[in-house]
Student: 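My questions all concern the structure below.
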Amino acid sequence: PNLSSTVAEVNFASYILNASGPRCTTEAELHNLGQSESAAIMTKSCTLLAREGNPEPRYKALPQGSIQSMGLPNLGYKAYLDMLPRLTQYNKPLIVSISGLSINDNVEMVSAFQKSAADLLEVNFSCPNVPGKPQLGYDFEQTDKALAAITKFGDKPLGIKLPAYFDFNHFETVANILKKYPVKFISSINSIGNTLVIDPETESPVIKPKAGFGGLCGSYIKPIGLANVNAFRQLLPKEISIFGVGGIYSGSDAFEYLLAGADAVQVATCYQEQGTECFSRISNELSQILSRKNYQDINDAKGALKLL
Ligand SMILES: C=Cc1c(C(=O)O)[nH]c(=O)[nH]c1=O
C-alpha cells in the first residue's frame with residue numbers, strides 16, 4: 001500500500017520519520033538519518049548558542065520507555081544553518097527544530113532559517129527540561145504572543161511542537177490560538193514533563209538534573225499522544241497537518257496514530273534505543289497491517305477511528 005503522505009504541503013515518501021531529540025544533534029547523526037529509511041531528517045532543537053546540556057546521568061532507559069532531562073544540548077543554530085546544504089543530497093524533507101530560550105531567540109532563529117534549505121521549521125513550545133524555564137505551551141498568553149512574533153516572516157512553513165494537554169478546555173484554547181496564525185502543522189506530543197522515577201535500591205531518582213524530575217517518554221505516554229492527536233484533529237482545520245509522536249515502536253503503534261488522524265508519525269525513544277533500523281521495520285510492519293486490513297493507501301485509514 002502507499003505509505004506516502006503530504007504534511008504541511010510537503011511530500012513525505014513514507015509515514016515514519018525521526019522525532020527531534022534522539023541521535024540528531026551532530027552532522028554525522030543527520031547524515032545517518034539521511035541514509036536511513038526515515039522519511040525526513042529532523043534536527044535536535046537548537047538554541048542561539050551551543051549548549052552542553054544538563055549534568056549526567058540525564059537519560060535513563062526504563063522497561064516501557066525512558067525518562068530524560070537532557071537540557072537542550074545542541075551545536076547552536078548557526079551550525080545547523082551551515083550543514084543544511086550538505087543534507088539536501090538525501091532528497092527527503094529537512095525539518096529544523098528550534099527551541100529558543102525566549103521569544104526573541106525564537107524570532108532571531110526563525111528569521112535566520114527563512115532563506116535556508118529547511119523544508120519545515122518545527123518550533124518547540126514544550127521543552128520541559130531547562131531549569132527555570134516553564135513549558136511555553138502551558139502558558140496560553142505567552143503561546144499567543146510567541147506565535148504572533150514568529151509567524152511574521154511568511155515564506156518558510158512553520159509548525160509547533162506541543163506539550164501534552166489533559167483537559168478539553170486546554171485542547172480548545174490551544175486550537176483557537178493556533179487558528180489565528182499561519183501555522184502549517186503541529187507535532188503532538190512532547191515528553192510528559194516533570195515526572196519522577198525513583199530507584200528503591202539506591203533510594204534516589206534515576207537522573208540527576210532537577211532533583212530527578214524529567215520528561216517521560218515511550219510506551220507509557222502513547223495513550224496521551226493518541227488523545228492529543230485525535231482531539232486536535234477534530235478541533236483544527238484540515239489545512240493544519242498533525243505529526244503524531246509518543247510511544248511509537250511498531251507498525252501497530254503507527255497505525256493507531258493513523259486512525260487517530262496523524263498525517264505522519266515521529267519516532268524518538270525507539271530510535272534512541274534501536275537506531276535507524278527502526279524506521280524500515282516500523283514502515284514494513286505498518287504496510288503489512290494496511291494490506292491485511294485492505295487499506296490501499298494511508299489516506300483510507302487516516303482519522304478512520306470507529307467509535308463504539
Ligand atoms: C528541546 C528540549 C527537550 C528535551 C531536552 O533537551 O531535555 N527533552 C525533551 O523531552 N523534550 C524537549 O523538547
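Remember, it's a predicted structure, so these values are computed and weren't measured experimentally. The first residue in the sequence is number 1, and the count goes up from there. Every number for a ligand or one of its atoms is a count from 1 in the order of the listing.
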Student: Give a yes-or-no answer on whether the side chains of S45 and N124 include a donor-acceptor pair shorter than 3.5 Å.
Tutor: yes
Student: Please compare L72, N124, T47 and report which has the shortest non-hydrogen distance to atom 13 (O) of ligand 1.
Tutor: N124
Student: Distance alone, cut at 3.5 Å: any donor-acceptor contact between the side chains of T6 and N11?
Tutor: yes
Student: Check if S191 has a non-hydrogen atom at a distance under 4.0 Å from any atom of ligand 1.
Tutor: yes
Student: With a 3.5 Å cut-off and no angle check, do the side chains of D105 and T47 form a donor-acceptor pair?
Tutor: no
Student: Nearest protein heavy-atom contact for atom 3 (C) of ligand 1: which residue, which atom, what distance?
Tutor: C127 SG, 3.2 Å
Student: Would you check whether P128 reaches within less than 4.0 Å of ligand 1, judged by its heavy atoms?
Tutor: yes
Student: Would you mind running through ligand 1 and noting each atom that sits below 4.0 Å from a heavy atom of S45?
Tutor: 1 (C)
Student: Within a distance under 4.0 Å of any heavy atom of N190, pick out the atoms of ligand 1 and give their elements.
Tutor: 9 (C), 10 (O), 11 (N), 12 (C), 13 (O)
Student: Before giving the answer on side-chain hydrogen bond (donor to acceptor under 3.5 Å, both in side chains), spell out for H170 and Y138 the whole-Å C-alpha distance, their side-chain angles and the decisive distance to 0.1 Å.
Tutor: CA-CA 9 Å; H170 297 166; Y138 284 155; over 6 Å; no
Student: Of the protein's non-hydrogen atoms, which lies at the shortest distance from atom 10 (O) of ligand 1, and what is that distance?
Tutor: Q68 NE2, 2.4 Å
Student: Counting both backbone and side chain atoms, is some N or O of G215 under 3.5 Å from an N or O of ligand 1?
Tutor: no
Student: Return yes when G71 approaches ligand 1 closer than 4.0 angstrom through a heavy atom, no otherwise.
Tutor: yes
Student: Where is the nearest protein heavy atom to atom 4 (C) of ligand 1: which residue, which atom, and how far?
Tutor: N129 ND2, 3.6 Å
Student: Under the side-chain contact (heavy atoms from CB on, under 4.5 Å) test against Y271, which residue among L17, N18, I16, I248 passes?
Tutor: N18
Student: Does a side chain donor of either Q35 or Q89 reach within less than 3.5 Å of an acceptor in the other side chain?
Tutor: no
Student: Tell me yes or no: between the side chains of S250 and E285, is some donor less than 3.5 Å from an acceptor?
Tutor: no
Student: Decide whether Q296 and N2 meet the rule of one side-chain donor and one side-chain acceptor closer than 3.5 Å.
Tutor: no
Student: Please state whether K44 comes within less than 4.0 angstrom of ligand 1, counting heavy atoms only.
Tutor: yes
